[in-house]
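Below is one structure, written out as structure tokens; the observations come after it.
Since we're looking at a predicted model, the values are computed, not measured. Throughout, protein chains are lettered first and strands after them, A, B, ... in sequence-line order, and every chain is numbered starting at 1.
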There are 2 protein chains.
Amino acid sequence: MTLSSLLEAAITGLVRFETVMQKEKLPRREREKLRQRQEILTAGLTLFSEKGFHNVSMHEIAEEAEFAIGTLYKFFQNKEDLYRALVLEQCSLFAAAFNEALEQGEDEIEKLRNYVRAQYKMFRSHLPFVRLFIAESRGVSYSIKAGLDQELRARYYRLLEKIASVFESGIRNKRFGNIASPYHLAVSLDSTIHAFLLLCLDEPEKHPFPEDPDTILNIFFQGMLNG
Amino acid sequence: MTLSSLLEAAITGLVRFETVMQKEKLPRREREKLRQRQEILTAGLTLFSEKGFHNVSMHEIAEEAEFAIGTLYKFFQNKEDLYRALVLEQCSLFAAAFNEALEQGEDEIEKLRNYVRAQYKMFRSHLPFVRLFIAESRGVSYSIKAGLDQELRARYYRLLEKIASVFESGIRNKRFGNIASPYHLAVSLDSTIHAFLLLCLDEPEKHPFPEDPDTILNIFFQGMLNG
DNA sequence: ACATATTATGACGCTTAGTTCACTTTTAGA
DNA sequence: TCTAAAAGTGAACTAAGCGTCATAATATGT
């Protein structure tokens, strides 16, 4: 397995990056390179999340990562390439966590609870990336969007389908009432979770994220219409 | 009433811009200036929404608006100032429409229906701005964020409070069950509407926005838990 | 019609930042 | 130890675009 195919796999979301780094027995030099690459990405993440894509220069990233500018260009074709790699890698972590959560759990309700928990957990443990992503995953550059947004959007739709399939299965076996299309329910649940996380990001003490996932889920589980 | 105070009012969202332009009897030259200003803003909106803040130059805006660059600087201190004015003006239109919607309607349910309808209506009639806002309201530049984001966030929180008050009143007079805090319900409803609109923006034929507002509202009105 | 004030213009200066590449340093094998 | 290849470096090149300001055009009042 070559370095580039490993990177490819990591980027595609098949393998977690850490796993790649630890498990595979690459020649020492290759492992070293991979670690350096990672350090550059980390520096980039830090800076991008603090100041935004357009307000961070390659010089800054180089300085933060303690490399010369030229070195960055040994790893990444250009600034966009670096950014793209960074975002895709992080997104893969998120995707893996969410997919896993939706597969764990006895019944549909438990799967959904796990999903809410996973969102919160990833959110908390990856704040810089969350900030970066929320801030400008969509607005960075229309040329980046072309390559990156498409891939990410496709992934997001896949995730929505997966959530929808949980609702669908719950409706099929009568655990849930058939109050709306599974897809609509998925969209609604997911956006609600995000909204709560966003508010929490803004002012954690004013809008704390509910510890109990049912605080959110009950909005969907219990109807509010009387009479 | 001076020009600047009128602009101030328009920006603060107290008066619609068109109203300002038509009703008030300003000296001819002043009205002319206002129209020119508006033309520049429109040019800016078009370009920003197509290419994003950082990929549009002042030269381009000048060309699109058919003015010389220097002229833009007679109206706006700099590029950020222009952008800020643009966003605030558009946001005021949205705020006015949403607030009005939430005030019209016999009961709480009708108010919420009106709100959903208003969101869709504004969305459809202001697509360029929607695109711009979604794409990079947050990621433009951290210096803009400071001034603009704060103001807009405050407005958004006010809107959420207003939606929450509708839920609260509905719960108080027993029309709604007390299944979650009014604020949580507001957050959830609003984010759901946005999510639907967003999907619709991406692929209108695949994710059409539901004509009937109850398609969305029923997710909240009718609980889905059986047994 | 003329003079003066106001407004519009766009070539140019200056800064910033992405990228390159000739050179230095390090590594690895003979 | 020596040498060739690989990796690392950062000064310098280049491009882009913001904002200025001296000048031209236009409007206003006499």
Side-chain angles (χ1 to χ4, degrees), chain A residues 2-4 7 26-44 46-48 50-86 136 139-144 147, chain B residues 2-4 7 26-41 43-44 47-48 50-86 136 139-144 147:
Chain A
T2 66
L3 172 58
S4 68
L7 285 174
L26 291 162
R28 213 202 78 242
R29 203 70 242 289
E30 293 292 291
R31 272 183 298 147
E32 180 73 6
K33 269 179 87 169
L34 218 44
R35 223 196 45 226
Q36 287 181 95
R37 196 189 127 104
Q38 199 57 24
E39 258 167 58
I40 295 170
L41 287 180
T42 304
T46 306
L47 291 169
F48 285 139
E50 278 169 8
K51 310 165 62 175
F53 180 79
H54 290 283
N55 304 311
V56 172
S57 70
M58 290 296 268
H59 283 78
E60 276 180 276
I61 299 175
E63 196 172 2
E64 172 82 22
E66 291 176 272
F67 285 105
I69 315 136
T71 311
L72 303 206
Y73 286 89
K74 289 279 197 290
F75 288 92
F76 305 98
Q77 291 207 325
N78 51 44
K79 195 184 171 186
E80 286 198 7
D81 188 34
L82 195 162
Y83 181 82
R84 212 194 310 272
L86 172 62
E136 57 183 1
V140 182
S141 150
Y142 276 55
S143 57
I144 295 189
Chain B
T2 67
L3 173 57
S4 68
L7 285 175
L26 292 161
R28 213 202 76 240
R29 204 71 242 287
E30 292 293 290
R31 272 184 296 147
E32 180 72 7
K33 270 179 85 170
L34 217 44
R35 224 196 44 226
Q36 287 181 86
R37 195 189 128 103
Q38 199 57 23
E39 257 167 58
I40 295 171
L41 288 179
L47 291 170
F48 285 139
E50 278 168 7
K51 309 165 65 175
F53 181 80
H54 289 284
N55 303 311
V56 173
S57 69
M58 289 298 265
H59 283 77
E60 275 181 277
I61 299 175
E63 197 172 3
E64 172 81 22
E66 291 176 272
F67 285 106
I69 317 137
T71 310
L72 301 206
Y73 287 89
K74 290 278 195 291
F75 290 93
F76 306 98
Q77 289 208 325
N78 51 45
K79 193 184 173 187
E80 290 197 1
D81 189 34
L82 193 161
Y83 180 83
R84 211 194 311 271
L86 172 63
E136 56 181 4
V140 182
S141 151
Y142 275 57
S143 56
I144 295 190

Looking across every strand, which nucleic acid part, if any, lies under 4.0 Å from B:Glu60 by heavy atom: base, sugar-phosphate, or nothing?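 No contact.
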Remember a base hit wins even if backbone is also touched, and classify A:Thr71 as base, sugar-phosphate or nothing at under 4.0 Å, heavy atoms.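 Result for A:Thr71 = base.
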Nearest listed nucleotide, side chain of B:Ser57, among D:dT9, D:dG8, D:dC18: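 Looking only at side-chain atoms, B:Ser57 lies closest to D:dC18.
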Starting at atom [atom1] of [X], determine the distance to atom [atom2] of [N], rounded to an integer number of angstrom.
{"X": "A:His54", "N": "C:dG18", "atom1": "NE2", "atom2": "P", "value": "10 Å"}
{"X": "A:Ile40", "N": "C:dG18", "atom1": "CD1", "atom2": "P", "value": "15 Å"}
{"X": "A:Phe53", "N": "C:dG18", "atom1": "CZ", "atom2": "P", "value": "8 Å"}
{"X": "B:Asn55", "N": "D:dA16", "atom1": "CG", "atom2": "P", "value": "13 Å"}
{"X": "B:Glu32", "N": "C:dA8", "atom1": "CD", "atom2": "P", "value": "8 Å"}
{"X": "A:Leu72", "N": "C:dT20", "atom1": "CG", "atom2": "P", "value": "13 Å"}
{"X": "A:Glu30", "N": "D:dA6", "atom1": "CD", "atom2": "P", "value": "12 Å"}
{"X": "A:Leu82", "N": "C:dG18", "atom1": "CG", "atom2": "P", "value": "11 Å"}

Once you round to the nearest 0.5 Å, how far does [atom1] of [X] lie from [atom2] of [Y]?
{"X": "A:Glu39", "Y": "A:Glu64", "atom1": "CD", "atom2": "CD", "result": "10.5 Å"}
{"X": "A:Phe75", "Y": "A:Leu82", "atom1": "CZ", "atom2": "CG", "result": "10.5 Å"}
{"X": "B:Phe76", "Y": "B:Leu41", "atom1": "CZ", "atom2": "CG", "result": "4.0 Å"}
{"X": "B:Leu47", "Y": "B:Asn55", "atom1": "CG", "atom2": "CG", "result": "11.0 Å"}

What protein N or O atoms touch nucleotides 19-22 of chain D N or O atoms at under 3.5 angstrom, if any, and at what distances?
residue : atom : partner : partner atom : Å
D:dG19  : OP2  : B:Tyr73 : OH           : 2.9
D:dG19  : OP2  : B:Lys79 : N            : 3.1

For the pair B:Glu60 (side chain) and B:Ser57 (backbone), establish whether a donor and an acceptor sit closer than 3.5 Å, ignoring hydrogens and angles.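 Yes, the answer is positive, given that a donor and an acceptor are paired below the 3.5 Å cut-off.
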Between B:Phe67 and B:Gln36, which heavy-atom pair has the shortest distance, and what is it?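 Looks like CE2-OE1, 3.1 Å.
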Please assess B:Tyr73 against B:Met58 for the test side-chain contact (heavy atoms from CB on, under 4.5 Å), listing each intermediate value before the final yes or no. CA-CA 9 Å; B:Tyr73 287 89; B:Met58 289 298 265; 3.4 Å; yes
